[in-house]
S.K.: 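I am attaching a structure below and will ask some questions about it afterwards.
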There are 2 protein chains.
Amino acid sequence: MSHTLGIRQAQKQKTRQAFLDAALVLLEEQSLSSLGLREVTRAVGVAPTAFYRHFRSIADLGVALVDEALGSLHPMVGPTVSAANDSEERIGRAVELIDQHVRAFPAHVRFIARERHGGVQPVREAIRDQLARFTEEVKAELALNRESEGWGDDDLTMLAHLYVDQMLITAQLFLEALEAPQGEWERVTRLAVRQLRLITLGSRHWMDQEAPAER
Amino acid sequence: MSHTLGIRQAQKQKTRQAFLDAALVLLEEQSLSSLGLREVTRAVGVAPTAFYRHFRSIADLGVALVDEALGSLHPMVGPTVSAANDSEERIGRAVELIDQHVRAFPAHVRFIARERHGGVQPVREAIRDQLARFTEEVKAELALNRESEGWGDDDLTMLAHLYVDQMLITAQLFLEALEAPQGEWERVTRLAVRQLRLITLGSRHWMDQEAPAER
DNA sequence: TCATCCAGTTAACAACTGTTCTCTCGAATT
DNA sequence: AATTCGAGAGAACAGTTGTTAACTGGATGA
């Protein structure tokens, strides 16, 4: 099934990965729009022109990094949001997932936070697309539980957005807590849990409101 | 009282403002860490070396921009959060305030969104400090209404953070809606109002929960 | 085995960067 | 009226940048 790709292509992919890794390290202390092509090749240990064998431009490399950073996260969303009876347990799982992810891939998280509103348009768009996918996935999970309770499509989208944004905010807070040790990490965990609890609480009473027919 | 400052200092401040304005324009399509000193002076129409008469570095200019973008907003916070009986009216006022601000100063808002997690440390810190001030101000307003209802300090901080982050997210959505006309702007307005409504709803039931004594 | 392919190299280019030192010349101070 | 001050100009510096073209040499496929 998996055709062992030749020495040739294997080497190429290895070098390509070296580009991504080196870029990610350099991007911990600067943003993509100031990252130089020569800077990256120098870090990899390869001639400047070799870059073009793998990427058309720095922006292109950035888009590849977005896929690496967010692409593998999609399978996690469903199980985390759904698999739990208690909503309190669901919150715990979600925060734990972010916790682990930030610990494991801090550079990726930092890159996304930085370039989400950064100066390189194609990268911004790639991130926006991935986040829209997350929102759709969360929305689909939410629909299973609340559609029967009379939730409309707009309301589901609204709540999904709220949750996704909250996840991002939490990830960014964890990131800052990484280099400020002490009980800061714990403090962020508690804050995130309480905020999610409040949002969930609000959603539980959402339908109590006067019917949204005329507003 | 107001000592009319001499021709000399007046000219200097005028040039300094020209630097800030020119930088803000350039920063609409790139991030601060890739903004060149010569690039700015060229846009202003002065010699490169003139830059040093006003700023120590580009990062220094960035910090000045942060003050310009956020400093004047503090007086707005109190009146907006407090002056209203109905919570629905408060939400309307808040969204309206952001709406107007984004329309009036899109470049400033974009700059803050971009550099909040950007590649220049001193600027990140300046933004973080300003946002912390906003959080404190919101918290102080919230305390007036809810402290009597048994809200603890941690809970107030949590809710204030939630509101401030929500304001930022809304501002960023409005910003994206600026260049995508059609009913997009309206859609964002409705989304923002409903999200704030849900959060407010959650906060109204916050104290219904089991006492947070042991958690 | 031999011709083809292609990841990576080498060399060179014009253009640009931040920073220095020296100078000018009008305002500010005495 | 004479002196000091300081915003901005000008020229020059050593480095850096992205991109081009022509190349090498080992893997690939006929």
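Just so it is clear, the values below take in all heavy atoms, side chains as well, and ignore hydrogens, waters and symmetry mates. Because the structure is a prediction, the values reported are computed rather than measured. Residue numbering restarts at 1 for every chain, and letters A, B, ... go by the order of the sequence lines.
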S.K.: In whole angstroms, how far is the P atom of dT22(C) from the CZ atom of R53(B)?
M.R.: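 Interatomic distance, CZ of R53(B) to P of dT22(C): 14 Å.
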S.K.: Indicate whether any N or O donor in one side chain lies under 3.5 Å from an N or O acceptor in the other, for R114(A) and S31(B).
M.R.: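 Looking only at side-chain atoms, S31(B) and R114(A) do not form any donor-acceptor pair under 3.5 Å.
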S.K.: Round to a whole Å and report the spacing from NE2 of H54(B) to P of dG18(C).
M.R.: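 Checked: the NE2 to P distance equals 17 Å.
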S.K.: Identify whether any heavy atom of T15(B) sits under 4.0 Å from a base atom; if not, whether one sits that close to sugar-phosphate; answer base, sugar-phosphate or nothing.
M.R.: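 If one applies the 4.0 Å heavy-atom cut-off, T15(B) turns out to touch the sugar-phosphate alone, with no base involved.
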S.K.: Taking any heavy-atom pair under 4.0 Å as a contact, classify R16(A): base, sugar-phosphate, or nothing.
M.R.: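 If one applies the 4.0 Å heavy-atom cut-off, R16(A) turns out to touch nothing in the nucleic acid.
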S.K.: When the distance from CZ of R56(B) to P of dG18(C) is rounded to whole Å, what number comes out?
M.R.: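 Rounded to the whole Å, the gap is 17 Å.
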S.K.: How many whole angstroms separate atom CD of E39(B) from atom P of dT17(C)?
M.R.: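 Computing the E39(B):CD to dT17(C):P distance gives 7 Å.
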S.K.: Which one of R116(A), E125(A), H74(A) satisfies the side-chain hydrogen bond (donor to acceptor under 3.5 Å, both in side chains) criterion with Q130(A)?
M.R.: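 Going through R116(A), E125(A), H74(A) one by one, the side-chain hydrogen bond (donor to acceptor under 3.5 Å, both in side chains) with Q130(A) is satisfied by H74(A) alone.
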S.K.: Could you give the CG-to-P distance, from L35(A) to dT17(C), as a whole number of Å?
M.R.: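 So the CG-P distance, L35(A) to dT17(C), works out to 18 Å.
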S.K.: Counting distance only, does the side-chain N/O of D155(A) pair as donor-acceptor with the main-chain N or O of W151(A) below 3.5 Å?
M.R.: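 Looks like no, no N/O pair under 3.5 Å.
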S.K.: Is the backbone of G118(B) close enough, under 3.5 Å, to the side chain of R124(B) for a donor and an acceptor to pair up by distance?
M.R.: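 Yes, because the side chain of R124(B) sits within donor-acceptor range (under 3.5 Å) of the backbone of G118(B).
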S.K.: Nearest whole Å is fine: how far is dG18(C) P from L37(B) CG?
M.R.: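 The distance from CG of L37(B) to P of dG18(C) comes to 5 Å, rounded to the nearest Å.
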S.K.: Would H161(B) and Q195(A) count as having a side-chain donor-acceptor pair, cut-off 3.5 Å?
M.R.: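 No pair is found: no donor N or O on one side chain lies under 3.5 Å from an acceptor on the other.
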S.K.: Taking atom P of dT17(C) as reference, at what distance in whole Å does atom CZ of R38(A) sit?
M.R.: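 So the CZ-P distance, R38(A) to dT17(C), works out to 16 Å.
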S.K.: Validate the cation-pi geometry between R103(A) and W185(A): distance from NZ or CZ to the six-membered ring centre under 6.0 Å, angle to the ring axis within 45°.
M.R.: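 Positive - R103(A) is close enough to the ring of W185(A) and near enough to its axis.
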S.K.: Taking atom P of dT19(C) as reference, at what distance in whole Å does atom CG of D60(B) sit?
M.R.: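 Computing the D60(B):CG to dT19(C):P distance gives 12 Å.
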S.K.: By the 4.0 Å heavy-atom rule, please label Y52(B) as base, sugar-phosphate, or nothing.
M.R.: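 Base: the residue Y52(B), judged by heavy atoms under 4.0 Å, touches a nucleobase.
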S.K.: Can you give the first and last nucleotides of DNA chain D, 5' to 3', that have an atom under 4.0 Å from a heavy atom of chain B?
M.R.: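 The contacted stretch runs from dC5(D) to dA12(D).
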S.K.: Please determine whether any donor N or O and acceptor N or O are separated by less than 3.5 Å between the side chain of T49(A) and the base of dT10(C).
M.R.: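 In this structure, the two groups form a donor-acceptor pair.
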S.K.: Report the relative orientation of the aromatic rings in H108(B) and F105(B); use parallel for angles under 30°, tilted for 30 to 60°, perpendicular for over 60°.
M.R.: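 Perpendicular.
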S.K.: Here's a test of your reading of the structure: between Q9(A) and V46(B), which maps to the more 5' nucleotide of DNA chain D?
M.R.: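 In this pair, the answer is V46(B).
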